[in-house]
> 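A single structure is presented below for examination.
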Amino acid sequence: MFDMLCVLTTPIELHAGGLAPFAVAPDGPATFCCFFRDPETRTAFLNDLRRIAGGAPVAPQDADARTTYLADQYASHWRRRAPDEALAGVIEWRTRVSQRGYHTYTLREGYPPYRAGCIISFEPLGTSELRAQLDRACEVLSAEQAQVMDVFGWGLRR
């Protein structure tokens, strides 16, 4: 298990609910913004995803059952705050079930105290799109942090 934060930034409405983007909109774009404490952990995680992507394709007659299983696992891992395991299922579905590719982008900045980051997307992203995804992820994480601080009385209530 990797020590990381992850935000499903596209489609953003699925982030809080922990719904698998491939189960809700299998042909839609999906983008995850991930943060790690150090670049080495990010590299190990991305290597793990490449290993998963390199596995044998799922037979067409098994695709629907495997998709259902992976979507259920995604929801379970997301609720347990195990985004690395949830993303492993996403990559398996994308590469071995649907037999399509994915894109990874390393980030030069993170979300403190997570110093390293990456973006995983179902479609290629340009520089401005990468910046928008990073900004959206930071907004979501800041809002979640403020909510937790308010629960414990450490934040400012409005």
Side-chain angles (χ1 to χ4, degrees), residues 1-60 62-138 140-141 144:
M1 185 166 191
F2 293 95
D3 180 14
M4 65 183 281
L5 292 177
C6 183
V7 176
L8 174 56
T9 54
T10 303
I12 191 68
E13 62 274 7
L14 299 183
H15 173 72
L19 297 173
F22 58 87
V24 176
D27 293 323
T31 304
F32 296 86
C33 195
C34 308
F35 300 100
F36 306 84
R37 293 197 185 270
D38 54 66
E40 296 79 21
T41 304
R42 174 187 60 203
T43 299
F45 174 70
L46 292 174
N47 286 338
D48 213 35
L49 295 184
R50 277 192 284 284
R51 180 189 55 73
I52 291 165
V58 172
D62 299 330
D64 288 343
R66 190 67 183 165
T67 297
T68 300
Y69 172 78
L70 291 171
D72 290 345
Q73 288 297 302
Y74 177 94
S76 173
H77 294 313
W78 198 262
R79 277 192 307 273
R80 287 190 305 112
R81 303 217 185 269
D84 56 329
E85 294 177 42
L87 278 171
V90 168
I91 296 305
E92 180 181 343
W93 175 82
R94 182 73 178 177
T95 59
R96 294 167 57 186
V97 176
S98 71
Q99 299 180 16
R100 292 181 279 177
Y102 68 101
H103 304 271
T104 60
Y105 304 89
T106 56
L107 300 173
R108 294 181 185 198
E109 55 189 282
Y111 182 81
Y114 296 85
R115 298 181 300 123
C118 71
I119 291 179
I120 299 168
S121 179
F122 285 3
E123 58 187 19
L125 301 173
T127 304
S128 62
E129 295 164 307
L130 289 168
R131 171 51 60 187
Q133 297 295 331
L134 175 61
D135 291 346
R136 187 174 300 149
C138 289
V140 168
L141 291 171
E144 288 177 357

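The structure presented is a predicted model; accordingly, all values stated were derived computationally and were not measured. Values reported hereafter were calculated over all heavy atoms of this structure, with side chains retained and with hydrogens, waters and symmetry mates removed.
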> Any side-chain heavy atom of L87 within less than 4.5 Å of one from M4?
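Side-chain contact under 4.5 Å: yes.
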> Side chains of residues 16-38: which donor-acceptor pairs under 3.5 Å do they make with residues two or more places apart or in other chains?
from	atom 1	to	atom 2	distance (Å)
D27	OD1	R100	NH1	3.4
T31	OG1	S121	OG	3.4
R37	NE	D3	OD2	2.6
R37	NH2	Y114	OH	3.4
D38	OD1	E40	N	3.2
D38	OD1	T41	N	2.7
D38	OD1	T41	OG1	2.8
D38	OD2	T41	OG1	3.4

> To the nearest 0.5 Å, how far apart are CG in L46 and CZ in R51?
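The CZ atom of R51 is 13.0 Å from CG of L46, to the nearest 0.5 Å.
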> Let me confirm one number: the CZ-CZ distance from R131 to R136, rounded to the nearest 0.5 Å.
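Result: 13.0 Å between the selected atoms.
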> Checking side-chain contact (heavy atoms from CB on, under 4.5 Å) for the pair V7/L141: CA distance, chi angles, key distance, verdict?
CA-CA 8 Å; V7 176; L141 291 171; 3.6 Å; yes
> Check whether any side-chain heavy atom of P39 lies under 4.5 Å from a side-chain heavy atom of R115, and answer yes or no.
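P39 vs R115: side chains touch.
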> Would a 4.5 Å heavy-atom cut-off, applied to side chains only, mark F45 and I120 as touching?
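Answer yes - side chains close enough.
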> Between the main-chain N or O of A53 and the side-chain N or O of Y102, is there a donor-acceptor pair closer than 3.5 Å?
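Side chain of Y102 to backbone of A53: no pair is present.
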> For D64, does the CG atom have more than 12 heavy-atom neighbours from other residues, nucleotides or ligands under 6.0 Å away?
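Result for CG/D64: open.
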> Heavy atoms only: give me the nearest A88-I52 pair and the separation to one decimal.
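Reported closest heavy-atom pair: CB-CD1, 3.5 Å.
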> Considering residues, nucleotides and ligands other than Y105, do more than 12 of their heavy atoms fall under 6.0 Å from its OH?
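It does: Y105 OH has more than 12 such atoms within range.
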> Within a strict 4.5 Å, meaning less than it, do heavy atoms of the T9 and V140 side chains meet?
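Not touching, per the 4.5 Å side-chain cut-off.
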> Hey, are the side chains of H103 and L125 touching, using non-hydrogen atoms and a 4.5 Å cut-off?
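A side-chain contact is absent here, since even the closest heavy-atom pair is not under 4.5 Å.
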> List the atom of A86, the atom of W78, and the distance in Å for their closest heavy-atom pair.
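Taking every non-hydrogen atom into account, CB-CE3, 3.9 Å.
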> Taking side chain as C-beta onward, heavy atoms only, is L70 less than 4.5 Å from V90?
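L70 vs V90: side chains apart.
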> What are the two closest heavy atoms between M1 and R81, and how far apart are they?
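Closest approach of M1 to R81, heavy atoms only: CE-O, 3.7 Å.
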> Distance from H15 atom NE2 to I12 atom CD1, nearest 0.5 Å?
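Nearest 0.5 Å value for the NE2-CD1 distance: 6.5 Å.
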> Measure the shortest side-chain to side-chain distance between F2 and D48 over non-hydrogen atoms and say whether it is less than 4.5 angstrom.
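Counting from C-beta outward, F2 and D48 do come under 4.5 Å.
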> When you check the side-chain N and O atoms of W93 and T67, is any donor under 3.5 Å from an acceptor?
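There is such a pair (donor and acceptor under 3.5 Å, judged by atom type) between the side chains of W93 and T67.
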> Rounded at 0.5 Å granularity, tell me how far CD in Q73 sits from OG1 in T68.
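The CD atom of Q73 sits 12.0 Å away from the OG1 atom of T68.
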> Using side-chain contact (heavy atoms from CB on, under 4.5 Å) as the criterion, list what pairs up with D62, not counting sequence neighbours.
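Scan of D62 (side-chain contact (heavy atoms from CB on, under 4.5 Å), adjacent residues dropped) gives V58, A59.
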> Would you indicate whether R80, at its atom CZ, is surrounded by more than 12 heavy atoms from other residues, nucleotides or ligands within a distance under 6.0 Å?
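Yes, enclosed.
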> Partners of P57 by side-chain contact (heavy atoms from CB on, under 4.5 Å), sequence neighbours excluded?
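side-chain contact (heavy atoms from CB on, under 4.5 Å) check on P57 returns Q99.
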> How about L134 and L130: do any of their side-chain heavy atoms sit closer than 4.5 Å?
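They are not in contact (no side-chain heavy atoms under 4.5 Å apart), so the answer is no.
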> Give a yes or no answer on whether the side chain of R42 reaches the backbone of G117 with a donor-acceptor pair at less than 3.5 Å.
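Looks like yes, one N/O pair under 3.5 Å.
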